[in-house]
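Working notes, beginning with the structure itself.
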Amino acid sequence: MNEKFVVRDVENLSLKQIADSGQSFRWKELPDGSFIVTAMGEVVHLVETGDDLIINGINENSFYEKWYNYFDFNRDYKKVKKNLKERDKYLDAAIEYGSGIRILNQELWEIIITFIISSNNNIPRIKNSIELLSRKYGKYIKSVNGEDYYSFPEPKALSEAKLEDLRACGLGYRDKYILKTSRMITDGTIDLETLKVMPLKNAKKELKKLVGVGNKVADCILLFACEKPEAFPVDTWVKKVLEKYYDFHEKKPESINVFVKEHFGAYSGIAQQYLFYYIRHTEHLE
DNA sequence: GTCCAGGCTCTTT
DNA sequence: AAAGAGCATGGA
């Protein structure tokens with residue numbers, strides 16, 4: 001961890017809140033409140049000091065090539081918040097509460113597998129499965145404080161895995177989904193590079209061809225890996241928010257889409273992230 | 001023991 | 001098109 005890059009005067013960023021917002025499962029908190037993050041084949045140690053973000057483990061080149069976009073520094077969150085503010089009181093409170101949340105731009109392939117694992121699952125278990133998968137099928141990157149860190153497995157590695165070995169990673173019945181989806185990607189049935197440049201509706205339709213990817217998972221993939229800030233994932237928590245605070249009870253995905261677009265606008269996906277974080281930390285005893 | 005977790009697939013109306 | 005059963009697993 002000799003190399004480091006310091007980002008000065010960072011606004012609208014809280015490592016703790018991002019780590020706890022359920023979009024990445026490879027952030028590890030250390031006792032001193034700093035974080036070890038594995039992504040894009042690299043391992044970084046993140047430290048907040050005052051208004052600065054210190055990224056240990058990379059050089060300037062890697063920051064501008066990879067991590068700048070990972071942290072969504074292209075986006076003006078002041079502008080986003082201004083756009084979302086005063087639409088309703090609950091959202092205002094959520095934005096105030098999770099003011100340091102950002103949407104991380106993560107790798108498409110990794111997010112596909114990650115959110116297939118997330119379905120009908122809980123966060124500690126999702127983290128554990130991804131850790132086991134990476135250790136078994138990924139590549140060793142480096143050791144920090146005596147802990148070994150591994151990259152997320154390549155599509156080829158998972159497509160050649162044995163079902164029973166996948167099952168041993170705690171995937172449950174999702175082992176088949178992972179295997180089938182991996183094969184659809186390695187055999188070219190679905191092309192990831194094309195997906196990234198498709199309009200939201202087309203991309204969503206394409207994503208849902210993958211086994212284990214339905215409406216909610218597809219929206220997560222679009223929001224967290226395809227730079228689609230209007231994608232609005234509806235999970236059990238967001239469903240609760242819509243019912244309890246927006247008096248919205250319809251179940252059809254299309255009617256939800258209409259309501260969400262009308263009410264939250266072009267940044268509905270980012271609004272969703274504030275709402276998710278807010279309800280999980282105010283109505284969930286951890 | 002039951003219920004739930006960032007739901008999906010498959011089958012039946 | 002819409003609704004229901006079944007699904008692995010671990011923690012509360």
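Letters A, B, ... mirror the listed sequences (proteins, then strands); counts begin at 1. The figures here come from the full heavy-atom set of this structure, side chains too, leaving out hydrogens, waters and symmetry mates.
Rounding to whole angstrom units, NZ of residue A:Lys216 and P of B:dT9 are separated by 13 Å. The CG-P distance, from A:Leu207 to B:dG7, rounds to 17 Å in whole Å. Rounded to an integer number of Å, the gap from A:Lys208 NZ to B:dC10 P is 14 Å. Between A:Leu171 atom CG and B:dG7 atom P the separation is 16 Å, expressed in whole Å. The interatomic distance linking A:Arg174 (CZ) with B:dG7 (P) rounds to 9 Å, in whole Å. C:dA12 atom P lies 13 Å from atom CZ of A:Arg280, rounded to whole Å. Remark: C1' of B:dA5 and CD1 of A:Ile279 are 14 Å apart, rounded to the nearest angstrom. Rounded to an integer number of Å, the gap from A:Ile221 CD1 to B:dG7 C1' is 13 Å.
Among the atoms of the strands shown, only primed sugar atoms or phosphate atoms (P, OP1, OP2) are found under 4.0 Å from some heavy atom of A:Val217. Nucleic acid contact class of A:Gln273 (heavy atoms, under 4.0 Å, all strands): base. Within the 4.0 angstrom heavy-atom criterion, no nucleotide atom of any strand lies near A:Lys240. Across all strands, A:Leu210 comes closer than 4.0 Å only to sugar-phosphate atoms, never to a base (heavy-atom distances). Residue-level contact check: A:Gly170 touches neither bases nor backbone, having no heavy atom under 4.0 Å from any strand. Among the heavy atoms of the strands lying under 4.0 Å from A:Asn215 are primed sugar atoms or P, OP1, OP2 only; no base atom is included.
Considering only side-chain atoms of A:Arg167, the nucleotide from B:dC8, B:dA5, C:dA8 that sits closest is C:dA8. Checking C:dA2, B:dC8, C:dA8 against every side-chain atom of A:Tyr177, the shortest atom distance belongs to B:dC8.
Checking each of A:Arg102, A:Lys81, A:Lys78 against A:Asn12 for a side-chain hydrogen bond (donor to acceptor under 3.5 Å, both in side chains) leaves exactly one that passes, namely A:Lys81.
For DNA chain B, the neighbouring residues in residues 109-134 of chain A, judged by any heavy atom under 4.0 Å, are A:Ser118, A:Ser119, A:Asn120, A:Asn121, A:Asn122, A:Ile123.
Between C:dA8 and B:dC10, the distance separating the two P atoms is 13 Å to the nearest Å. Distance check on atom C1': C:dA3 versus B:dA5 gives 22 Å, rounded to whole Å.
Note that the CG atom of A:Asp191 and the CE atom of A:Met184 stand 12.5 Å from one another [nearest 0.5 Å]. Note that CD1 of A:Ile116 is 9.5 Å distant from OH of A:Tyr177, once rounded to the nearest 0.5 Å. In this structure, CG in A:Asp235 is found 9.0 Å from CZ in A:Arg280, a value given to the nearest 0.5 Å. A distance of 8.5 Å separates CG in A:Leu84 from CZ in A:Phe264, rounded to the nearest 0.5 Å.
If A:Lys176 and A:Lys252 are placed on DNA chain C by their nearest nucleotide, the residue sitting closer to the 5' end is A:Lys252.
Residue A:Lys251 places none of its side-chain N or O atoms closer than 4.0 Å to OP1 or OP2 of C:dA2.
In this model, no donor atom of one side chain and acceptor atom of the other lie less than 3.5 Å apart for A:Asn145 and A:His45.
In this pair, A:Tyr246 and A:Phe259 present their aromatic rings perpendicular. The plane angle is above 60°, beyond the 30 to 60° band.
Residues A:Leu15 and A:Trp27 are in side-chain contact: their nearest non-hydrogen atoms beyond the backbone lie under 4.5 Å apart.
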